[in-house]
Amino acid sequence: MKLLSDLLSAIKVTGIIGSEHKEIATLECDSRKINRGSLFVAVRGYNVDGHKFIPLVTLAGASAIVCEELPEILDSTVTYITVENSAVALGQLASQWWGNPSRKLKLVGVTGTNGKTTTATLIYEMARLMGYKAGLLSTVCNYIDDEAVPTTQTTPDPLTLNELLHRMVVAGCSYAAMEVSSHAAHQHRIAGLTFAGGVFSNLTRDHMDYHKTVEAYLQAKQSFFDSLPADAFALTNADDRNGAVMLQNTKAAKYTYSLRSHADFMGRVIESRLDGTLMSFNSQEVEVLFTGRFNAYNLTAVYGAATLLGWEPERILVDMSRLVPVAGRFQTFRGANGIMAIVDYAHTPDAVVNVLAAIREVTGSSDRIITVVGAGGNRDKGKRPIMAREAALRSGKLILTSDNPRDEEPLDILHDMEAGLDDDMRARTLSICDRREAIRTAVRLARPGDVVLVAGKGHEDYQEIKGVKHHFDDREVVMAALAELK
């Protein structure tokens, strides 16, 4: 139980009707979870406005309600608290409810179109290699030190988020890393959190179905840096033209990293292979188990964040060499006759370009690359032809296939992708709707020395079709297809 007055001390209240001297049993933003004594926060969501459910939560026994607009009929047993933005209030209340756990951790947030998962995960792994207990909030999986907690969103809702951070504190964690999605920043899911630092990877076209414009997408990312406190660090990619934008309004200490120009943290690729890269960080050479310039950027960001967190410089370099790739991120599989397959989460045009460029650096020719790629349903349709064209430009053969079609017809999605191809590209392209068969076909077409890239789903172990998630793991299918070659 929490005192309502104590909870309200964390938010900016514009008005109160009723007593604030009440005990609150639960804090909820889902009307279906309301019990007697609950505090309900009515949030205006993307699809649903929580204000519509105020009469229902009143009947269910809510003791207090936080809202932006009062209902027409007031219940004398309920305390009504008005605020300017109930989504912001929810985050602040959630932090207060769980004892402000982010203040008891050194929490680093990572945002950007590509590289969030890898960078956040490697910061978490670095902390553990350093001997600290640490937590992770990511697309692939959440971790409370070494305890895995399944995830459903890149950035959880504020109640779940703060509960997980609280569990990290209880488990003795000193550090935590989390992905900060543009959705989460725009929806104020991170309101109330205290960050020790923020990292920006890059910004390319994505989530236009939600943000509508690139400018709105950029502003959502920037808002995260705008919210960082003065004692935090803001680390951005100097080679991305939007890196400087992230630093425009931040109060945090400003730092940059780069592969191409002068920066606070400079990474350089000396030699690249499919199973690793010789790199230097601020002129100190290290062999790492990652491939591609996009991973070189991720690792340079990790090097910078580790340094800014105050970890021992020499130990950082040693532990950089011990880091391993994240599941479904440029994950390699070797088959018979020198055929290699790579599974990667690349699901944006820029990510596809980066992965294929990394492969070509090693193969020396795009002709040796067979790419399998699709596009998700109910998402940004504009990127479909772009992805197909970018993949065709950098592959000897291209197979278009189904990804997560969701509520759309898979063939309609394939037709959208095919629209990005010219006649020459079409001659080198197959469209195979069945993803399993598409992967098997790619492996069967491969010759010794070829590389098969299976892009788009990475770590995901399902396909979402008409509202149902069916088990499907690209990695399992790739391994089975390679085994058939023996």
Side-chain angles (χ1 to χ4, degrees), residues 108-123 139 154 177 179-186 195 197-208 211 213-228 232-250 252-269 277 279 281-282 290-308 329-330 344-358 361 380 383 386-387 390:
V108 178
V110 182
T111 195
T113 305
N114 303 309
K116 293 189 299 295
T117 299
T118 295
T119 303
T121 301
L122 296 184
I123 291 172
T139 303
T154 300
E179 295 182 52
V180 178
S181 69
S182 58
H183 293 70
H186 183 256
F195 287 89
V199 179
F200 170 73
S201 59
N202 50 60
L203 191 137
T204 59
R205 181 191 177 107
D206 199 14
H207 303 303
M208 291 301 102
H211 294 289
T213 67
V214 173
E215 182 63 26
Y217 180 44
L218 172 65
Q219 289 173 354
K221 299 289 189 187
Q222 186 182 6
S223 69
F224 165 57
F225 286 90
D226 291 352
S227 69
L228 292 175
F233 66 81
L235 175 62
T236 68
N237 182 355
D239 295 341
D240 187 287
R241 61 190 178 89
N242 296 297
V245 176
M246 298 298 138
L247 302 179
Q248 283 178 344
N249 305 319
T250 189
K254 302 174 183 179
Y255 298 90
T256 58
Y257 66 96
S258 169
L259 295 187
R260 299 200 304 256
S261 55
H262 182 76
D264 298 294
F265 303 101
M266 292 183 290
R268 297 290 184 267
V269 175
T277 303
M279 285 191 67
F281 299 104
N282 284 5
F290 295 77
T291 299
R293 291 183 66 81
F294 66 99
N295 270 324
Y297 275 108
N298 296 335
L299 289 165
T300 306
V302 172
Y303 172 76
T307 303
L308 294 171
R329 265 64 174 179
F330 212 88
D344 193 86
Y345 188 54
H347 62 285
T348 67
D350 184 65
V352 169
V353 168
N354 287 337
V355 173
L356 287 170
E361 283 177 25
D380 180 10
K383 72 179 182 182
I386 302 172
M387 279 180 61
E390 296 291 7

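Predicted, not measured: the structure shown is a model, and the values here were computed from it. Every heavy atom of this structure was used, including side-chain atoms; hydrogens, water molecules and symmetry mates were not.
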Heavy-atom closest pair (Thr348 atom, Lys383 atom, distance to 0.1 Å) is CG2-NZ, 4.3 Å
For Thr236, check side-chain hydrogen bond (donor to acceptor under 3.5 Å, both in side chains) against everything at least two apart and list the hits. none
If you look only at distance, which donor and acceptor atoms sit under 3.5 Å apart when one is on a side chain in residues 300-307 and the other is two or more places apart or in another chain?
unit_1, atom_1, unit_2, atom_2, d
Thr300, OG1, Ala296, O, 2.7
Thr307, OG1, Tyr303, O, 2.9

Matching residue for Arg329 among Thr117, Thr121, Asp344 - test: side-chain hydrogen bond (donor to acceptor under 3.5 Å, both in side chains): Thr117
Separation of Glu390 CD from Leu356 CG (nearest 0.5 Å): 9.5 Å
Phe294 and Asn202, any side-chain heavy atoms less than 4.5 Å apart: no
Short question: side chain of Lys116, backbone of Val110 - any donor-acceptor pair under 3.5 Å? no
For a quick test of reading the model, state the closest non-hydrogen atom pair linking Gly197 to Ala232 and the distance between them. N-CB, 4.1 Å
Could you tell me whether a side-chain N or O of Arg268 sits under 3.5 Å from a main-chain N or O of Leu259, the two making a donor and an acceptor? yes
Ala177 and Ala120: which non-hydrogen atoms are nearest, and at how many Å? CB-O, 3.3 Å
Atom pair OH/OG of Tyr257 and Ser201 - distance to nearest 0.5 Å: 5.5 Å
Enter the distance from Met266:CE to Arg260:CZ here, rounded to the nearest 0.5 Å. 14.5 Å
Using 0.5 Å steps for rounding, measure from the OG1 atom of Thr119 to the CG atom of Asn295. 8.5 Å
For a quick test of reading the model, state the closest non-hydrogen atom pair linking Val180 to Gly109 and the distance between them. CG2-CA, 3.9 Å
Ignoring hydrogens and angles, tell me if any N or O in the side chain of Thr250 forms a donor-acceptor pair with the backbone of Phe225 under 3.5 Å. yes
Partner set under side-chain hydrogen bond (donor to acceptor under 3.5 Å, both in side chains) for Ser258, not counting sequence neighbours: Asp239, Ser261
Quick check for you: to the nearest 0.5 Å, what is the distance between Phe224 atom CZ and Phe195 atom CZ? 4.5 Å
Note: Asn249 and Gln222 closest approach over all heavy atoms is ND2-NE2, 3.3 Å
Mind checking the OG1-CE spacing from Thr256 to Met246? Nearest 0.5 Å is all I need. 14.5 Å
Please say which of Asp240, Leu235, Val245 ends up in a side-chain contact (heavy atoms from CB on, under 4.5 Å) with Phe200. Asp240
Side-chain heavy atoms of Tyr297 within contact of Asn354, under 4.5 Å: no
If we ignore hydrogens and angles and just use 3.5 Å, is the side chain of Lys254 paired with the main-chain N or O of Ala244 as donor and acceptor? no
Does a donor on one side chain sit under 3.5 Å from an acceptor on the other, for Asn114 and Asp350? yes
Angle between ring planes, Phe265 versus Tyr255, binned at 30° and 60°: parallel, tilted or perpendicular? tilted
